[in-house]
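A short worksheet on the structure shown next.
Side chains are part of it too, since the values below use all heavy atoms of this structure and drop only hydrogens, waters and symmetry mates. All figures in this text were calculated on a predicted structure; none of them were measured in a lab. Protein chains get the first letters and strands the later ones, always in sequence-line order, with residue 1 at the start of each.
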Protein chains: 2
Amino acid sequence: MQGEKSTDPGPFNVGLLLFIPYRELEERVFAAVQDAGYTDTTLPQARLFQRISAEGSRITELASRVYITKQTASVLVSSMERNGYVRRVPDPLDARASRVIADERGLAAGKVAAAEIQRIDREWRQALGSARYDRLRRDLQVLARLTNRPQ
Amino acid sequence: MQGEKSTDPGPFNVGLLLFIPYRELEERVFAAVQDAGYTDTTLPQARLFQRISAEGSRITELASRVYITKQTASVLVSSMERNGYVRRVPDPLDARASRVIADERGLAAGKVAAAEIQRIDREWRQALGSARYDRLRRDLQVLARLTNRPQ
DNA sequence: AATATTAGTCAGTAAAGCTGACCTTAAAGC
DNA sequence: GCTTTAAGGTCAGCTTTACTGACTAATATT
């Protein structure tokens, strides 16, 4: 037996370690939104929706953030548009482009989601301890910035 | 102005903070596998594949881990089976069930994936520092255990 | 002015993912 | 034991997601 280099990595690779809590949170938040009556939504739509910025976002921008093609993003936006979650407005600076902005129904559903995320946040903060949880978030931000993708 | 409770949470919620590095890793690993010649694979298949244990796993078990229905899991397994990545073997203990096990081609592709994950691991460890990276992994494991899902 | 790039849609197709119905075997209740 | 309930899995049918390729219109570049 030799001295261990570091901590036991456990059975999971980093990808899985990130995936498990991520997917659990997503599932809970989506369930909360559905339970609140927003049943005409889907997970892929929600994934895109949460990346829309306050000033409105471009289709291409959203596609890149969610790791899908712009064509797929366009379809998702159209569905959400039909259901009153978002709107397309012409971009004042670029006549080719349009900006996707959250509409009333979208904002309302977003509040439900935010509330559930806050609940989970509290749970996780309690489980890890406040300092450790904050550190975790900071470290994840560092990793997020490592990707050379616009965020 | 009041004293801050803790660190600036940044623009992203925890879900997003987990998603961004997760999805980036997944993308890189998948690209590596494709580049190595395993072009008859898809991301959903790969997500399921990596959850197959050495002794073989049940369809239902895999479905639960990946957050999909058993029907969908069955379809993914059938595709991978056709392409030689996995096999179904009857479960000796339960005549209803079968166990999915990795086949030759699957094991080979798995090695390519593992190598790429190791590369990313090194990068991330370097970016955060060894101690901090290990701590991150430990904390993620704690969160993973919080979900009351079989893992 | 010509050319290349970017934003986005349209069309077509394959894969993923769901619900519901069903069969078979195992477990639980009596 | 026998009956009932639950669990593992597939089949069928359908919608959504997601891709590639082709195209239009507008902006940038040279």
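The rotation axes computed at either terminus of the helix from C:dA1-D:dT30 to C:dC30-D:dG1 lie 40° apart, taking five pairs at each end and rounding to 10 degrees.
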Could you list all N or O pairs between the protein and nucleotides 18-20 of chain C that sit under 3.5 Å apart?
from: C:dC18; atom 1: OP2; to: B:Thr69; atom 2: N; distance (Å): 2.8
from: C:dC18; atom 1: OP2; to: B:Thr69; atom 2: OG1; distance (Å): 3.1
from: C:dC18; atom 1: OP2; to: B:Thr72; atom 2: OG1; distance (Å): 3.4
from: C:dG20; atom 1: O6; to: B:Gln71; atom 2: NE2; distance (Å): 2.8

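Partners of A:Gln71 by side-chain hydrogen bond (donor to acceptor under 3.5 Å, both in side chains), not counting sequence neighbours: none found. Every residue was checked against the ring-ring contact (aromatic ring centres under 6.0 Å, His included) condition with A:Tyr133, not counting sequence neighbours, and none meets it. Under the rule for a ring-ring contact (aromatic ring centres under 6.0 Å, His included), A:Phe49 has no partner lying at least two apart in sequence or in another chain. Legend: residues meeting ring-ring contact (aromatic ring centres under 6.0 Å, His included) with B:Tyr85, ordered by chain and number and at least two apart, are absent.
Remark: B:Thr42, B:Pro44, B:Gln45 in residues 25-64 of chain B come within less than 4.0 Å of DNA chain C through at least one heavy atom.
Here salt bridge (charged side-chain N to carboxylate O under 4.0 Å, His left out) pairs that include residues 44-57 of chain B, with residues two or more places apart or in two chains, are B:Glu26-B:Arg47.
If you chain together ILVMFWY residues whose side-chain heavy atoms come under 4.5 Å of each other, A:Leu107 ends up in a group of its own. Side-chain heavy-atom separations under 4.5 angstrom define the hydrophobic clusters, and B:Val75 shares its cluster with no other residue.
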* Structure fact -> Each nucleotide of nucleotides 25-30 of chain D classed B (base within 4.0 Å of a protein heavy atom), S (only sugar-phosphate) or -, in 5' to 3' order, makes BBS---

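Side-chain contact between B:Arg99 and B:Ile59 is absent, with no heavy atoms from C-beta onward closer than 4.5 Å.
A donor-acceptor pair shorter than 3.5 Å can be found between the side chains of A:Ser78 and A:Arg88.
Comment: B:Arg28 engages B:Glu123 in a salt bridge, judged by a side-chain N to carboxylate O separation of less than 4.0 angstrom.
Phosphate contact (OP1/OP2 of C:dT9, side-chain N/O of A:Arg88, threshold under 4.0 Å): present.
Atom CZ in B:Arg65 sits roughly 13 Å away from atom P in D:dG8 (whole-Å rounding).
Smallest separation of non-hydrogen atoms from B:Val86 and B:Val77: CG2-O, 3.8 Å.
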Please tabulate, for the side chains in residues 30-38 of chain A, all donor-acceptor contacts under 3.5 angstrom to protein atoms that are two or more places apart in sequence or on a different chain.
from: A:Gln34; atom 1: NE2; to: A:Tyr38; atom 2: O; distance (Å): 3.3
from: A:Gln34; atom 1: NE2; to: A:Thr41; atom 2: O; distance (Å): 3.3
from: A:Gln34; atom 1: NE2; to: A:Thr41; atom 2: OG1; distance (Å): 2.9

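The residue from A:Arg132, A:Arg137, A:Arg135 that alone fulfils the side-chain hydrogen bond (donor to acceptor under 3.5 Å, both in side chains) condition with B:Asp139 is A:Arg132.
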